[in-house]
Amino acid sequence: MIRTFRGFAAGGAALVLMAGFSAAGLAASPSDWSKVPTTTVKLFYPGQSSYQWLTSPGHPGAAIKGFENLACVTCHKGKEEAMGKAIVSGGELEPHPIDGKQAVIDLKVQTAYDSENAYFRFQWKTRNAFPGTAHPHWRFDGKEWKQIGWPRLHKKVWGENQPAIYEDRLSMMVDDGSVDNYAKQGCWLSCHTSMRDMPDVAKGEDVKAHPLLGKGLNKKDVRKYLPSTRTDDDASWDKTKTAEEIADIKASGGFVDLMQWRAHRSQPIGMADDGYVLEYRLTDAGKNIFSKNWDKKKKQPKYMFDEKKVGFKSRTMDQIRDTSQPSSIIAEENAVAFDPNAGWKEGDMIPEYYVSRAMAKGSAADNSNAKGTWENGIWTVVWVRKLDTGNPQDDKILKEGKAYTFGFAVHDDNITTRGHHVSFPMSVGFGAKADIEATKVN
Ligand code: HEC
């Protein structure tokens, strides 16, 4: 089955869909999706519009009476295009405008469900004439292996002219009503100053010294978190509640589910990752589907490509986007232990991460059926997710008769952090009234 995945760019669409739906309610043919209504969701470029910015004088909405209790769409319905345009071109919310960046991305969303699964089909147009399947690599400089490739908002790219290399992504952030205000403010609850590429980025040494985030979670930067895990009104990154208080919030379901399909780090094994946001953006319990391909002690990659299987040990810069060949290292499929004496030449490149369906375990491995095809400039991602994953401690369990709040995001054209396009929160109903109502299939 994985063999067919490899050749997707060469036209494996039908095969891939069959793999995804062999045991599922919908039949194998993509034409069945034509019976499922399509909603076009306008994703817009949010720049640095953080949770803190929203309540600051910089956001005119904050001065309007009753702002705290209103949904973004009360004031901004249908304004995504205008907002995206205003932000993407630069100004207060975008200190590093990216040439040619789209103001909005139209995300086509279709959803269906049966007694066991939720089915999602997403389509969007990429800015580039190639799919973003490449990700940062280790590059041999004649002596040492050093990182090459960064997301566009990284200073190495806009300030030092280094290459922009980063995977495309499609993300869903989901709540079931347990997180205060998520239905109104969606992803903005999780986006804060102090995070990477945001104003007042927290210093690495301060995060490392922080009792909960540094000493407890072993982090050195700030990533998404929910205001409910902080003690002050402004939800400052360092004013965390205690580990016990946060565990209580988690046990009562006060986290959001965050799942990401990734063109380099999940797509080649037909999966999506599975995480959640609470005091930080964390991976679900178990073993994640991707890991760093780096041996810290030896300062070299752990794996290289298996030449016997794929015909090469490494890639070069002009080969990393060759979609007729694997671009990811799959531990159980095309990898062997790195050999430091394999005659490396300057410019040889090996992916910075490896992926593994075989090693993934537990709740972190729940999204075992998410598959994309890229054709004529358009990604089509079909994603099957169990309604009840059996892991309510870090997943949102979906039930018939209920609606949930979803936030959608696309990372396009070698970008991470805030360089994505996002939706206002919207409801998705499984046999319930909602902005998007999933079609019941048998
Ligand atoms: C009470 C009304 C109101 C609410 C609720 C509201 N806003 Fe606003 N917002 C405004 C007004 C008014 C402006 C300035 C005019 C404009 O851009 O539409 C603005 C501007 C913005 C801008 C800047 C757009 C630009 O053109 O530069 C962003 C981004 C924004 N709001 C995001 C949000 C988000 C996200 C939410 C929900 C968490 C939200 N707003 C909730 C009224 C509101």
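First listed ligand is number 1; within each ligand, the first listed atom is number 1. All values below were derived from every heavy atom in this structure, side-chain atoms included, with hydrogens, water molecules and symmetry-related copies excluded.
- The nearest protein atom to atom 42 (C) of ligand 1, hydrogens excluded, is given as G61 CA, 3.2 Å; this is a heavy-atom distance.
- Of the candidates T55, L54, V73, the one placing a heavy atom closest to atom 33 (C) of ligand 1 is L54.
- Side-chain polar atoms of R169 and T416 form a donor-acceptor pair below 3.5 angstrom.
- Side-chain contact annotation: Q52 with H192, donor-acceptor N/O pair under 3.5 Å present.
- When heavy-atom distances to ligand 1 are checked against a 4.0 Å cut-off, F44 has no atom that comes that close, whether in backbone or side chain.
- Counting protein heavy atoms under 4.0 angstrom from atom 17 (O) of ligand 1 gives zero.
- Here the OH atom belonging to Y51 is positioned 14.5 Å from the CH2 atom belonging to W188, to the nearest 0.5 angstrom.
- The pair K396-D175 meets the salt-bridge criterion, with a side-chain N (NZ, NE, NH1 or NH2) lying under 4.0 Å from an Asp/Glu carboxylate O.
- Annotation: atom 22 (C) of ligand 1 to nearest protein heavy atom, W53 CH2, 3.4 Å.
- The pair E352-K292 meets the salt-bridge criterion, with a side-chain N (NZ, NE, NH1 or NH2) lying under 4.0 Å from an Asp/Glu carboxylate O.
- Side-chain atoms of E437 come within 3.5 Å of backbone atoms of A434 as a donor-acceptor pair (strictly under, hydrogens ignored).
- In this structure, A71 has a heavy atom closer than 4.0 Å to ligand 1.
- Between T74 and ligand 1 there is no heavy-atom distance shorter than 4.0 Å.
- Atom numbering of ligand 1 starts at 1 in the shown order; those under 4.0 Å from a heavy atom of C75 are 1 (C), 2 (C), 3 (C), 4 (C), 5 (C), 42 (C), 43 (C).
- Side-chain polar atoms of T126 and N128 form no donor-acceptor pair below 3.5 angstrom.
- Under the side chain to side chain contact (heavy atoms under 4.5 Å, CB included) test applied with T229, the options I246, L212, T240 reduce to a single match, I246.
- Which of E80, K65, M83 comes nearest to atom 32 (C) of ligand 1 through a heavy atom is settled by distance: it is M83.
- The NE2 atom of H420 sits 10.0 Å away from the CG atom of L43 when rounded to the nearest 0.5 Å.
- Atoms of ligand 1 lying under 4.0 Å from at least one heavy atom of L70, given by number and element, are 1 (C), 5 (C).
- Among the atoms of C72, no N, O or S atom is found under 2.8 Å from atom 8 (Fe) of ligand 1.
- An N or O contact shorter than 3.5 Å links H76 to ligand 1 by distance.
- No salt bridge links K108 with D106; every basic N to acidic carboxylate O contact stays at or beyond 4.0 Å.
- Not a single heavy atom of K79 sits under 4.0 Å from any atom of ligand 1.
- Listed by number with element, the atoms of ligand 1 under 4.0 angstrom from any heavy atom of F67 are 4 (C), 5 (C), 6 (C), 41 (C).
- The closest protein non-hydrogen atom to atom 14 (C) of ligand 1 is P60 CG, 3.3 Å.
- In this structure, the ring of W379 has its center less than 6.0 angstrom from the ring center of W261.
- With a 4.0 Å cut-off on non-hydrogen atoms, H59 touches ligand 1 through its side chain and not its backbone.
- Side-chain atoms of D200 and T193 include no donor-acceptor pair closer than 3.5 Å.
- Under the 4.0 Å distance rule, the nearest protein heavy atom to atom 4 (C) of ligand 1 falls inside the cut-off.
- Atoms of ligand 1 lying under 4.0 Å from at least one heavy atom of I64, given by number and element, are 1 (C), 2 (C).
- When each atom of ligand 1 is checked for a heavy atom of A86 under 4.0 Å away, the hits are 25 (C), 26 (O), 27 (O).
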